[in-house]
Amino acid sequence: MGIDRREFIRIAGLSTLLGLGGKGAFELLMPGRVDAEIVPKPEARKAKRWAMVVNQKKMDEHTAKKCIAACHRVHNVPNFTNPPNDKLELDPAVANRYQIKWIWTDHFHNAFPGEEQKYPQEHLAHMNFLLLCNQCNNPPCVRVCPTKATFQREDGIVMMDMHRCIGCRFCMAGCPFGSRSFNWKDPRPYIKETYPGYPTREIGVVEKCNFCAERLAQGLQPACVEVSGGTLIFGDLEDEKSQVREYLRKYFTIRRKAHLGTNPQVYYIV
Ligand code: SF4
Ligand code: SF4
């Protein structure tokens with residue numbers, strides 16, 4: 001993940017060109033900080049290719065809310081619509097624009113556009129789907145990032161190194177799933193209770209779901225999976241004995257915008 005001198009000058013120039021003041025460029029001299037910060041314990045969970053199955057047949061509003069709350073709590077995701085103190089209250093339209101989301105819900109026609117004709121079951125049209133970064137096997141966000149702030153690990157997880165992000169938002173344009181959010185505003189005052197197990201971010205960087213890489217390193221399940229009561233299944237796609245493989249054998253699943261060729265690693269049982 002190192003950057004040579006020529007590359008550094010190119011990125012510094014780019015960040016200046018984009019009006020970013022070169023701030024991010026200097027931080028690029030500390031490559032691989034995110035990986036270095038995640039120190040795996042002996043009981044760390046490992047896989048050749050992490051994948052998730054979302055069982056929409058079991059999904060309900062309560063479960064979805066629990067998953068979102070668990071994820072956002074352990075990742076210090078700010079809440080602009082319901083700030084922790086009155087003085088921070090924002091106009092709802094502004095708050096909505098600032099919103100950061102790692103995991104969220106949306107209707108079938110938004111989550112799977114163009115698939116309505118293929119899967120005309122009426123129940124799908126009324127279903128809310130739990131959405132997150134698909135940890136694509138062929139991730140366009142990684143290809144377009146000029147600073148390698150977003151990168152893919154060997155186990156398939158697409159990571160973000162906020163120290164290297166210059167806020168150009170090319171990755172947001174590159175992601176066809178809307179899985180990334182930009183910190184338009186300092187998020188820290190909008191975190192109700194700072195969780196010590198994950199770093200807070202600053203204004204001007206992009207963030208997204210990381211399949212709970214920091215929890216896997218401690219031998220834990222992703223937070224959303226842990227509270228989902230078996231609605232979310234997580235495991236190694238390359239291991240034919242894994243629960244993920246078992247569910248993929250047993251049930252019919254779909255993936256978001258599979259025709260784009262990004263090869264999403266989140267599957268939905270419908
Ligand atoms: S869903 Fe978007 S952000 Fe996530 S890996 Fe795929 S392209 Fe990248
Ligand atoms: S895998 Fe972890 S980071 Fe991703 S949505 Fe679930 S809880 Fe959030």
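Every number for a ligand or one of its atoms is a count from 1 in the order of the listing. In what follows, residues are counted from 1 in the order of the sequence shown.
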For this session: Flag yes if Leu237 and Val225 sit in one hydrophobic cluster, no otherwise; membership is Ile, Leu, Val, Met, Phe, Trp, Tyr, and two members link when side-chain heavy atoms are under 4.5 Å apart.
Result: no
Problem set entry | Met162 side chain near Asn183 side chain, heavy-atom distance below 4.5 Å | no
Seminar exercise, completed: One finds that the ligand 1 atoms under 4.0 Å from a non-hydrogen atom of Lys208 are 3 (S)
Problem set entry | Close side-chain approach of Gln152 and Pro139, heavy atoms under 4.5 Å | yes
Exercise. Just which atoms of ligand 2 are under 4.0 Å from any heavy atom in Ile103?
Worked result: 5 (S)
Problem set entry | Interfacing atoms of ligand 2 (cut-off 4.0 Å, heavy-atom, Ala223) | 7 (S)
Exercise. Would you call His72 a ligand 2 contact, heavy-atom distance under 4.0 Å?
Worked result: no
For this session: Answer yes or no: is there a side-chain heavy-atom contact under 4.5 Å between Tyr251 and Tyr267?
Result: no
Problem set entry | Atoms of ligand 1 close to Phe177 [distance to a heavy atom under 4.0 angstrom, numbered from 1] | 1 (S), 2 (Fe)
For this session: Give the atoms of ligand 1, by number and element, whose distance to some non-hydrogen atom of Pro140 is under 4.0 Å.
Result: 7 (S)
Problem set entry | Gln221 and Arg45, any side-chain heavy atoms less than 4.5 Å apart | yes
Problem set entry | N/O/S atom of Cys136 inside 2.8 Å of atom 6 (Fe) of ligand 1, strictly under | yes
Exercise. Looking at Asn134, which atoms of ligand 1 are within less than 4.0 Å of one of its heavy atoms?
Worked result: 1 (S), 4 (Fe)
For this session: Find out whether Ile100 and Pro187 are in side-chain contact, i.e. whether some heavy atom of one side chain is under 4.5 Å from a heavy atom of the other.
Result: no
For this session: Under 4.0 Å from a heavy atom of Asn210: give me the atoms of ligand 2 that qualify, with their elements.
Result: 3 (S)
Exercise. Is it the side chain (CB and beyond), the backbone, both or neither of Val158 that lies under 4.0 Å from ligand 1, heavy atoms counted?
Worked result: side chain
Exercise. Does Cys212 bring an N, O or S atom to under 2.8 Å of atom 4 (Fe) of ligand 2?
Worked result: no
For this session: For atom 3 (S) of ligand 1, grab the closest protein heavy atom and report residue, atom and distance to one decimal in Å.
Result: Arg180 NE, 3.2 Å
Exercise. Is the Phe112 ring parallel, tilted or perpendicular to the Phe129 ring (thresholds 30°, 60°)?
Worked result: perpendicular
Problem set entry | Nearest heavy atoms of Arg245 and Asp236, plus distance in Å | CG-O, 4.1 Å
Exercise. Glu246 pairs by side-chain hydrogen bond (donor to acceptor under 3.5 Å, both in side chains) with which of Arg249, Gln243, Lys250?
Worked result: Lys250
For this session: Could you check atom 8 (Fe) of ligand 1 against the protein and tell me its nearest heavy-atom contact, residue, atom and distance included?
Result: Cys141 SG, 2.3 Å
For this session: Would you mind checking which non-hydrogen protein atom is closest to atom 4 (Fe) of ligand 1, with the distance to 0.1 Å?
Result: Cys133 SG, 2.3 Å
Seminar exercise, completed: Checking heavy atoms under 4.0 Å, the part of Arg215 that sits near ligand 2 is neither
For this session: Identify the protein heavy atom lying closest to atom 2 (Fe) of ligand 1, giving its residue, its atom name and the separation to 0.1 Å.
Result: Cys175 SG, 2.3 Å
For this session: Heavy-atom contacts with Trp102 under 4.0 Å: which atoms of ligand 2 show up? List them by number with element.
Result: 3 (S)
For this session: Heavy-atom distances under 4.0 Å are what count here, so tell me which part of Val225 touches ligand 2: side chain, backbone, both or neither.
Result: neither
For this session: Check whether any side-chain heavy atom of Met59 sits under 4.5 Å from a side-chain heavy atom of Val54, and report yes or no.
Result: yes
Seminar exercise, completed: Filtering Phe211, Tyr198, Trp104 for the heavy atom nearest atom 1 (S) of ligand 2 leaves Phe211
Problem set entry | For atom 6 (Fe) of ligand 2, closest protein heavy-atom neighbour | Cys224 SG, 2.3 Å
Exercise. Any idea which atoms of ligand 2 are less than 4.0 Å away from a heavy-atom of Cys71?
Worked result: 3 (S), 5 (S), 7 (S), 8 (Fe)
For this session: Assess whether atom CD of Glu43 is packed by more than 12 heavy atoms of other residues, nucleotides or ligands within 6.0 Å.
Result: yes
For this session: Describe, in one word, how the ring planes of Trp102 and His75 are oriented to each other, choosing from parallel (under 30°), tilted (30 to 60°) and perpendicular (over 60°).
Result: parallel
Problem set entry | Beyond-backbone contact of Cys67 with Thr63, side-chain heavy atoms, under 4.5 angstrom | yes
